[in-house]
Protein chains: 2
Amino acid sequence: MNDNRSRLTKAAQEIVQRNGFKGLSFRTLANEIGIKSSSVHYHFPEKSDLAQELIEQYSEHLALELDEIAAKPISLKRKISSFIKIFEMVAKADNLCLCGMMAAEVGELNQSNQQYLRDFFLMLERWIVVQIEAQPDELKTQMAPSQLAKTMLSGLEGALLVDRVVGNHQRLNAQKELYLALFK
Amino acid sequence: MNDNRSRLTKAAQEIVQRNGFKGLSFRTLANEIGIKSSSVHYHFPEKSDLAQELIEQYSEHLALELDEIAAKPISLKRKISSFIKIFEMVAKADNLCLCGMMAAEVGELNQSNQQYLRDFFLMLERWIVVQIEAQPDELKTQMAPSQLAKTMLSGLEGALLVDRVVGNHQRLNAQKELYLALFK
DNA sequence: GTCTATATACAGATAGAC
DNA sequence: GTCTATCTGTATATAGAC
């Protein structure tokens with residue numbers, strides 16, 4: 001898929017993860033791939049159409065990665081570690097999670113976009129819960145899986161946010177240490 | 001202090017915590033208090049001047065609150081609980097932390113603004129470490145205080161971010177439960 | 001599908017009167 | 001300190017030619 005539509009979403013995703021959704025303009029996006037802004041409007045009539053596709057693609061891509069991890073015959077701890085590794089890759093690129101970034105800008109999004117954003121976070125939390133419930137004996141804490149999932153997800157999102165400003169990965173590393181210690 | 005300058009910073013803070021720094025325009029800010037945008041420029045020549053004052057005021061206000069908490073003859077657990085309560089008040093207003101919001105928009109800020117933002121987060125983390133070191137026997141975990149401070153702060157920032165999108169306070173509550181359990 | 005050209009709105013910022 | 005008026009740049013979005 002090297003057509004302009006997919007080149008647009010790819011470039012747009014990078015811009016949003018770095019500069020935010022408000023930091024993405026049809027003009028700069030068009031320049032990025034060498035077309036005009038009116039051509040971007042051909043593919044995505046309104047900016048909210050682009051937002052929708054970005055959130056959908058990001059969610060689907062992540063869901064596929066998580067499916068692969070879940071299917072492996074490995075310890076729960078290693079599954080959680082793989083989950084955290086996804087955030088570490090984002091941090092390495094000095095980005096935020098696409099949806100974490102858009103969460104900060106939720107007021108600029110229409111109702112449909114907001115729903116997709118919500119579903120993204122709930123999907124990630126549900127994945128954690130499902131993994132724990134499949135291998136419950138490997139959990140070392142008495143914390144309820146759903147509570148654990150909520151702290152872990154929001155903790156990782158916050159770590160990306162603060163670490164990028166401070167300029168290191170200390171908070172993400174600390175979150176990793178904290179949560180991995182809860183699994184055998 | 002009911003002069004226009006302080007009315008401006010007060011209104012600006014609310015707008016940034018709700019809509020972000022890019023969501024704050026001199027025009028709408030001026031309208032908010034009934035003056036013209038050119039008058040806003042009299043008080044804050046450039047937008048970065050306003051950003052600077054916002055971060056400084058927010059930091060100073062929070063530092064004063066934390067000083068008061070630290071001075072009380074109460075348990076470490078109650079001090080941490082009071083710390084978390086500050087975030088709960090922000091969540092109750094459906095806002096983000098001013099600096100958490102601006103952290104997402106760090107690319108729009110100049111170097112000076114970014115330094116003040118960094119200092120804000122480091123100040124909060126340092127406060128947690130100092131409180132723990134003053135009452136070390138009341139800590140139930142073997143986690144290093146600096147590690148604990150980093151996870152707690154970024155966890156709370158992330159909880160505000162995700163909870164606002166999802167529409168409840170479950171993540172902040174979960175973070176609270178997780179961290180309070182680490183103190184006697 | 002992409003282009004040129006344009007409409008409309010709003011952004012940050014400045015000059016100069018009062 | 002605040003105003004009117006304006007400059008300049010950029011944003012989303014659309015019409016219509018190719």
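A, B, ... follow the sequence lines: proteins, then strands. Residue 1 opens every chain. Heavy-atom basis, side chains included; hydrogens, waters and symmetry copies ignored.
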For B:Y42 and D:dT2, is the shortest distance between a side-chain N/O and OP1 or OP2 below 4.0 Å?
no

The residue, A:S38 or A:T28, whose nearest nucleotide of DNA chain D is more 5′ is A:T28

From NE2 of A:H41 across to P of C:dT6 the rounded distance in Å is 17 Å

Could you state the atom-to-atom distance from CG of B:L50 to P of C:dA13 in whole Å?
10 Å

Distance-only side-chain donor-acceptor flag, B:E177 / B:N173, under 3.5 Å
no

Separation of D:dT2 C1' from B:D3 CG (nearest whole Å)
14 Å

Please check if any side-chain donor atom of B:D3 sits under 3.5 Å from a side-chain acceptor atom of B:S6, or the reverse.
yes

Using a 4.0 Å heavy-atom cut-off, does B:L29 contact any base of the nucleic acid, only the sugar-phosphate backbone, or nothing at all?
nothing

In whole angstrom, give the distance that lies between atom CD of B:E108 and atom C1' of D:dT10.
13 Å

Does NZ belonging to B:K85 count more than 12 external heavy atoms closer than 6.0 Å?
no

Specify the separation, in whole Å, of atom CZ of A:R7 and atom P of C:dG1.
13 Å

Mind checking if A:F26 touches a base, just sugar-phosphate, or nothing, with heavy atoms under 4.0 Å?
sugar-phosphate

Please pick, from C:dG1, D:dT2, C:dA11, the nucleotide with the shortest atom-to-atom distance to any side-chain atom of A:H43.
C:dG1

Within this structure, what is the NZ-to-C1' distance between B:K22 and D:dT12, rounded to whole angstrom?
14 Å

Give one of base, sugar-phosphate or nothing for A:S25, where a contact means two heavy atoms less than 4.0 Å apart.
sugar-phosphate

Within this structure, what is the CG-to-P distance between B:N110 and C:dG12, rounded to whole angstrom?
15 Å

Is the phosphate of C:dC3, meaning OP1 or OP2, less than 4.0 Å from a side-chain N or O of A:S39?
yes

According to a strict under-4.0 Å criterion, is B:K36 in side-chain N/O contact with OP1 or OP2 of D:dC3?
no

Does the separation of the ring centres of A:Y179 and A:F183 fall below 6.0 angstrom?
no

For A:R5, is the CZ atom crowded, meaning more than 12 foreign heavy atoms sit under 6.0 Å from it?
yes

What is the distance from NZ of A:K47 to P of D:dA13, rounded to the nearest Å?
8 Å

Minimum-distance nucleotide to A:R27 side chain [options: D:dT2, C:dA15, D:dA11]:
D:dA11

